[in-house]
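Notes follow the structure.
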Amino acid sequence: MRETFAATVSRAMDEDPRVAVVLAAISAGMFRASAARHPGRVIDVGIREQAMIGVAGGLALTGMRPVVHSYAPFLVERPFEQVKLDLGHQDAGAVLVSIGASYDASDAGRTHQAPGDVALLDSLPGWTVYAPGHPDEVRGALAAALPGEHRVYVRLSEAANRAPLPVGGRLSVLRTGSPRSAGVVVAVGPMLDRVLEATADLDVTVAYTATVRPFDREGLSALTGAAGSADVLVVEPYLRGTSAHEVAEALADRRHRQLGLGVARDHEVRAYGTPARHDRVHGLDPEGIAKAARDFFLV
């Protein structure tokens, strides 16, 4: 996904003179050729993440379309005040593109992990958020984001599904349950393949989205209306329960149960390990998802 992002944005710089890239040392080498072709439109501020967002806000106010890139904790958490004020308060648009996801860089320790990034941005109005599940979906997200003026977050991951799906605002249905099915499972981004495996023996509808904000409330409402139950399981690659309020809004007109799977909220995993081991600890491997789904739906 990282290579796809760099190639897509580099091509966009050739085609659109508004597009500029703002970096804080991370991935600078991937834009060296673009910097040579477009002097002044690739800006590396060094390890100054707050300045990176401030520069992006200033560029946006002059009519440029800044693309800002770093690891998720350095892009969202560390400069959050600048994200809130220099972009949001000024109503300035930018495209923030992160790498590292929740714990792709688990060998670098907690400093490079950001399971709370989407939840943090969710506290601010007006953001579009993509969590692609395949490199081709990165192209789709950027194709939608770059021509606009709005605020966009694209969350890249080293985990990926086997095949891409359309990146749009609607839920994509991968498996339809019977009229008496147990409910609906929503898989977000790179969670899809493992969700399909984990729920293969359950009578549930499985839907997918890489566009997590705005959330397709209307689509979820329709899916639960067609299912035998309004019970909803959301499997997200970041902080557990991040989209719980979206499900609640979508189904506010009916009784329902919901369960969120994601990175644990009740404890911080401080061991280094591998991303796969972190998945197991948080119950985000196929076995963990399968157990949670059975316990939830087969009550």
TODO: Can you measure from CG (Leu121) to CZ (Arg151) and round to the nearest 0.5 angstrom?
DONE: 10.5 Å

Task: Sole residue of Arg257, Arg255, His256 in side-chain hydrogen bond (donor to acceptor under 3.5 Å, both in side chains) with Asp231 - done: Arg257

Task: Crowding at CD, Gln90 (>12 non-hydrogen neighbours, <6.0 Å) - done: yes

Task: Spatial distance of atom CG (Leu120) from atom CZ (Phe80) [nearest 0.5 Å] - done: 4.0 Å

TODO: Take Glu158 and Met1, measure what side-chain contact (heavy atoms from CB on, under 4.5 Å) needs, and give me the verdict at the end.
DONE: CA-CA 7 Å; Glu158 292 182 5; Met1 291 191 190; over 6 Å; no

Open item on the list: Using side-chain heavy atoms (C-beta onward) and a distance below 4.5 Å, is Val67 in contact with Val22?
Closed with: no

- [ ] Kindly indicate whether the side chain of Asp86, heavy atoms from C-beta on, has any atom under 4.5 Å from the side chain of Val55.
- [x] no

TODO: Please round to the nearest 0.5 Å and tell me the distance separating atom CG of Leu298 and atom CG of Leu202.
DONE: 5.5 Å

Open item on the list: Taking the basic N atoms (NZ, or NE/NH1/NH2) and the acidic carboxylate oxygens, is any pair closer than 4.0 Å for Arg139 and Asp136?
Closed with: yes

Open item on the list: Applying side-chain contact (heavy atoms from CB on, under 4.5 Å) to Leu192 and Leu165, what does each step give before you reach the verdict?
Closed with: CA-CA 10 Å; Leu192 177 60; Leu165 287 168; 3.6 Å; yes

Open item on the list: Please report whether the ring centroid of Tyr238 lies less than 6.0 Å from that of Tyr103.
Closed with: no

TODO: Check the pair Thr274, Asp107 against side-chain contact (heavy atoms from CB on, under 4.5 Å), reporting the backbone distance first and the verdict last.
DONE: CA-CA 7 Å; Thr274 63; Asp107 58 350; over 6 Å; no

- [ ] Treating Ile, Leu, Val, Met, Phe, Trp and Tyr as nodes and any side-chain heavy-atom pair under 4.5 angstrom as an edge, say whether Met64 and Met52 lie in one connected cluster.
- [x] yes

- [ ] Check the surroundings of atom CZ in Arg265: do more than 12 heavy atoms from other residues, nucleotides or ligands lie under 6.0 Å from it?
- [x] yes

Open item on the list: Can you list everything that forms a ring pair (Phe, Tyr, Trp, His ring centres under 6.0 Å) with His134? Sequence neighbours excluded, please.
Closed with: none

TODO: Starting at OG of Ser98, measure out to CD1 of Ile26 and round the result to the nearest 0.5 Å.
DONE: 12.0 Å

Task: Any donor-acceptor N/O pair, Arg41 side chain to Met13 backbone, under 3.5 Å - done: yes

Open item on the list: Can a donor-acceptor pair be found, under 3.5 Å and without considering hydrogens, that links the side chain of Arg48 to the backbone of Val45?
Closed with: yes

TODO: Could you grab the distance from atom CG of Leu261 to atom NE2 of His282, nearest 0.5 Å is fine?
DONE: 12.5 Å

- [ ] Give a yes or no on whether Val83 and Leu75 share a hydrophobic cluster (residues Ile, Leu, Val, Met, Phe, Trp, Tyr; joining criterion: side-chain heavy atoms under 4.5 Å apart).
- [x] yes

Task: Qualifying side-chain hydrogen bond (donor to acceptor under 3.5 Å, both in side chains) pairs, either residue in residues 108-119, two or more places apart - done: Arg110-Glu268, Asp117-Tyr153, Asp117-Arg155

- [ ] Take Asp122 and Arg213 through the test salt bridge (charged side-chain N to carboxylate O under 4.0 Å, His left out) and record every step on the way to the result.
- [x] CA-CA 8 Å; Asp122 220 11; Arg213 298 294 180 273; 2.9 Å; yes

Task: Distance, nearest 0.5 Å, that separates CG of Leu220 from CZ of Arg170 - done: 10.5 Å

Task: Trace of the side-chain hydrogen bond (donor to acceptor under 3.5 Å, both in side chains) decision for Thr205 with Thr176 - done: CA-CA 4 Å; Thr205 292; Thr176 302; 5.2 Å; no

Open item on the list: Salt bridge check, Arg162 against Asp193: does any charged N sit closer than 4.0 Å to a carboxylate O?
Closed with: yes

- [ ] Could you tell me whether a side-chain N or O of Glu249 sits under 3.5 Å from a main-chain N or O of His245, the two making a donor and an acceptor?
- [x] no

Task: CA sep, side-chain torsions, deciding dist, call: Glu3, Met30, side-chain contact (heavy atoms from CB on, under 4.5 Å) - done: CA-CA 8 Å; Glu3 287 77 10; Met30 303 180 81; 4.2 Å; yes

Open item on the list: Can you tell whether the side chains of Arg18 and Glu149 come within less than 4.0 Å, N to carboxylate O?
Closed with: yes

Task: Sidechain-backbone polar pair: Asp104 side chain, Ala159 backbone, donor-acceptor under 3.5 Å - done: no

Open item on the list: When you group the ILVMFWY residues by side-chain heavy-atom contacts below 4.5 Å and let the links chain together, are Val184 and Phe297 in the same group?
Closed with: no

Task: Flag, side chain of Thr242 to backbone of Leu239, donor-acceptor distance under 3.5 Å - done: yes

Open item on the list: If only side-chain N and O atoms count, and only distance matters, is there a donor-acceptor pair under 3.5 Å linking Glu236 with Ser243?
Closed with: yes

Task: Flag if over 12 foreign heavy atoms under 6.0 Å of CZ, Arg254 - done: yes

Task: 4.5 Å side-chain heavy-atom contact, Val138 and Pro132 - done: yes

Open item on the list: Within a 6.0 Å radius of atom CZ on Arg277, are there more than 12 heavy atoms belonging to other residues, nucleotides or ligands?
Closed with: no

Open item on the list: Between Thr211 and Gly168 (side chain of the first, backbone of the second, donor and acceptor by atom type, cut-off under 3.5 Å), is there such a pair?
Closed with: yes

Open item on the list: According to a hydrophobic-cluster definition based on side-chain heavy atoms being under 4.5 Å apart (Ile, Leu, Val, Met, Phe, Trp, Tyr only), do Ile53 and Trp127 belong together?
Closed with: yes

Task: pair Leu196-Arg175: side-chain heavy atoms closer than 4.5 Å - done: yes

TODO: Check for a donor-acceptor pair, side chain of His278 on one end and backbone N or O of Tyr272 on the other, with a separation under 3.5 Å.
DONE: yes

Open item on the list: For a salt bridge (charged side-chain N to carboxylate O under 4.0 Å, His left out) check, start with the C-alpha distance between Arg240 and Asp266, then their side-chain angles and the critical distance, and finish with the verdict.
Closed with: CA-CA 10 Å; Arg240 176 179 296 177; Asp266 55 357; 5.7 Å; no

Task: Joint cluster assignment, Val95 & Tyr71, ILVMFWY side-chain distance < 4.5 Å - done: yes

TODO: Count the heavy atoms of every other residue, nucleotide or ligand shown that sit under 6.0 Å from NE2 of His150, and state whether that count exceeds 12.
DONE: yes

Task: Main-chain N/O of Pro237 paired to Ser102 side chain as donor or acceptor, under 3.5 Å - done: yes

Open item on the list: With a 3.5 Å distance limit and no angle check, can you tell me whether Thr128 reaches the backbone of Val152 through a side-chain donor-acceptor pair?
Closed with: no

Open item on the list: I'd like to know if the side chain of Arg65 and the backbone of Ala20 have a donor-acceptor N/O pair within less than 3.5 Å.
Closed with: no

- [ ] Evaluate the side-chain hydrogen bond (donor to acceptor under 3.5 Å, both in side chains) criterion for residues Ser178 and Asp203: first the C-alpha distance (whole Å), next the side-chain angles of each, then the deciding distance (0.1 Å), finally the verdict.
- [x] CA-CA 7 Å; Ser178 74; Asp203 182 12; 2.5 Å; yes

